[in-house]
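These notes are about the structure you will find just below.
Computation of the quantities below employed the complete heavy-atom set of this structure, encompassing side-chain atoms and omitting hydrogens, waters and symmetry-equivalent molecules.
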Amino acid sequence: DLAVESLFSSPFPAQRNAAVEISVSVRNNGDQDSPGSFTVTLYKGLVAGGTPIATNTVSGVAAGQTAVTTASWVPTEFTSDILVVIDKENAVPEYDEANNQSSIKVIAFENRKTLYATYTHTLKDLVLFGYMNNTEIAVFKADKSFVWAGVINDGAHTVLHPGEGVYKVYGSQPYSILSGDPVSGQVMGYYALNEKNTGLSRNFYTYMVSFWGEGCKFIVFAYEDNT
């Protein structure tokens, strides 16, 4: 039984028009060595068909062992789905063919060396604000699994509901984050950044809850006299 054990790309995140290495770990979950060789094929998109971006041959995997194969590919778009298919020719008899495929989302910025990146924790919501047009933003879980990617313009915002946890956010230009649960419920504490990666600003977007109860307050802090 051959299965995709792991699939990841490097560097993370990637840069458009620059080489990305895609690494595939194939594990033999069966109790017998895989006879002969088999292929590991990569496709752009989520459909196994057309011209593959890479096809590697693995010369067998012993029972309970893992083989790693890599391929180089150049992304030209902000987001791309990469599908891996093990043994598409069915050269190796298996009792489970369903685990022969897996996919990842490759995020490629225009210039990964000038990204704005931060970690944040939320109870439920993430509200992302843009301060410049055409700001590319990508959100991942702490384990680098993909959550969301998109483009936000100046003054616009996007509401995500990824659930409680720690997330890492990358942006091509300055942005801000409000976390907690300001959309799904009442704000239970939040963390926000402005377009200069600080809480001090003349230009700052935020999001208020729709329900106001007794004791609810909107609090503004000043850091200089006569503000």
Side-chain angles (χ1 to χ4, degrees), residues 1-29 33-34 36-92 94 97-119 134-151 162 165-173:
D1 177 30
L2 301 175
V4 180
E5 184 176 56
S6 67
L7 173 64
F8 62 89
S9 63
S10 179
F12 176 89
Q15 180 167 313
R16 291 200 284 275
N17 302 309
V20 171
E21 184 176 86
I22 301 174
S23 179
V24 184
S25 295
V26 181
R27 180 174 176 81
N28 184 353
N29 292 325
D33 296 348
S34 62
S37 60
F38 58 89
T39 60
V40 175
T41 308
L42 297 173
Y43 298 92
K44 181 184 176 184
L46 297 177
V47 178
T51 303
I53 61 174
T55 300
N56 293 352
T57 299
V58 178
S59 58
V61 182
Q65 299 301 307
T66 299
V68 178
T69 183
T70 61
S72 182
W73 171 69
V74 178
T76 58
E77 300 170 301
F78 178 41
T79 63
S80 300
D81 291 301
I82 299 298
L83 174 71
V84 59
V85 179
I86 300 173
D87 188 30
K88 64 183 180 66
E89 297 86 2
N90 293 320
V92 179
E94 301 180 67
E97 299 283 352
N99 55 10
N100 282 19
Q101 296 188 15
S102 185
S103 65
I104 58 170
K105 180 87 68 175
V106 176
I107 304 299
F109 288 91
E110 187 69 32
N111 187 354
R112 67 182 304 272
K113 295 182 180 179
T114 59
L115 294 180
Y116 296 81
T118 187
Y119 285 102
N134 301 314
T135 299
E136 296 176 337
I137 297 180
V139 182
F140 299 88
K141 294 182 180 179
D143 63 1
K144 295 185 178 182
S145 57
F146 174 77
V147 175
W148 179 86
V151 177
V166 175
Y167 299 89
K168 189 163 188 180
V169 183
Y170 297 89
S172 61
Q173 300 184 99

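- Contact of the Pro162 side chain with the Val139 side chain is not registered, since no non-hydrogen atoms from C-beta on lie closer than 4.5 Å.
- Here the shortest heavy-atom pairing between Ser23 and Val68 reads OG-CG1, 3.5 Å.
- Distance check: Ser6 OG to Ile104 CD1 gives 10.0 Å after rounding to the nearest 0.5 Å.
- At a threshold of 4.5 Å between non-hydrogen side-chain atoms, the residues Lys105 and Ile107 count as touching.
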- request: Would you check, one step at a time, whether the test side chain to side chain contact (heavy atoms under 4.5 Å, CB included) holds for Thr76 with Asn17?
  value: CA-CA 5 Å; Thr76 58; Asn17 302 309; 3.6 Å; yes

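- Minimum heavy-atom separation, Ser102 to Val4: CB-CG1, 3.7 Å.
- When all heavy atoms are compared, the tightest approach of Val47 to Leu83 is C-CD2, 3.8 Å.
- Considering only heavy atoms from C-beta on, Ser80 comes within 4.5 Å of Lys44 through its side chain.
- Distance check, rounded to the nearest 0.5 Å: CG of Asn134 to CD of Gln173 gives 7.0 Å.
- Without hydrogens or angle criteria, Gln15 side chain to Arg112 main chain gives a donor-acceptor distance under 3.5 Å.
- Nearest heavy-atom pair across Leu2 and Asn99 is O-OD1, 3.0 Å.
- Atoms CG and CD, on Asn111 and Glu136 in that order, are 11.0 Å from each other to the nearest 0.5 Å.
- Below 30°, between 30° and 60°, or above 60°: for Tyr170 and Phe109 the angle between ring planes is between 30° and 60°, a tilted geometry.
- When each of Val40, Thr39, Val85 is paired with Thr55, the side-chain contact (heavy atoms from CB on, under 4.5 Å) condition holds for Thr39 and for no other.
- Heavy atoms only, all atoms of each residue included: Leu115 and Ser172 are closest at CD2-CA, 4.1 Å.
- For the pair Tyr43 and Lys88, the minimum side-chain heavy-atom distance is below 4.5 Å.
- Contact check for Val106 versus Trp73: side-chain heavy atoms found under the 4.5 Å cut-off.
- Other residues, nucleotides and ligands contribute over 12 non-hydrogen atoms within 6.0 Å of the CZ atom of Phe12.
- Put simply, the side chain of Tyr116 does not reach to within 4.5 Å of the side chain of Ile137, judged on heavy atoms.
- In this structure, Glu97 CD and Ile86 CD1 are separated by 10.0 Å, a value rounded to the nearest 0.5 Å.
- In this structure, Thr118 OG1 and Tyr167 OH are separated by 14.5 Å, a value rounded to the nearest 0.5 Å.
- Side-chain atoms of Arg27 do not come within 3.5 Å of backbone N or O of Ala3 as any donor-acceptor pair.
- Here the side chains of Pro52 and Leu42 are not in contact, with every heavy-atom distance at 4.5 Å or above.
- Judged purely by atom type and a 3.5 angstrom limit, Asp81 has no side-chain atom pairing as donor or acceptor with the backbone of Leu46.
- Between Glu89 and Asp87, the closest side-chain pair of non-hydrogen atoms falls below 4.5 Å.
- Taking all atoms of both residues into account, the shortest heavy-atom contact from Pro75 to Ala18 is CD-O, 3.2 Å.
- Rounded to the nearest 0.5 Å, atoms CD1 (Ile22) and CD1 (Ile53) are 4.5 Å apart.
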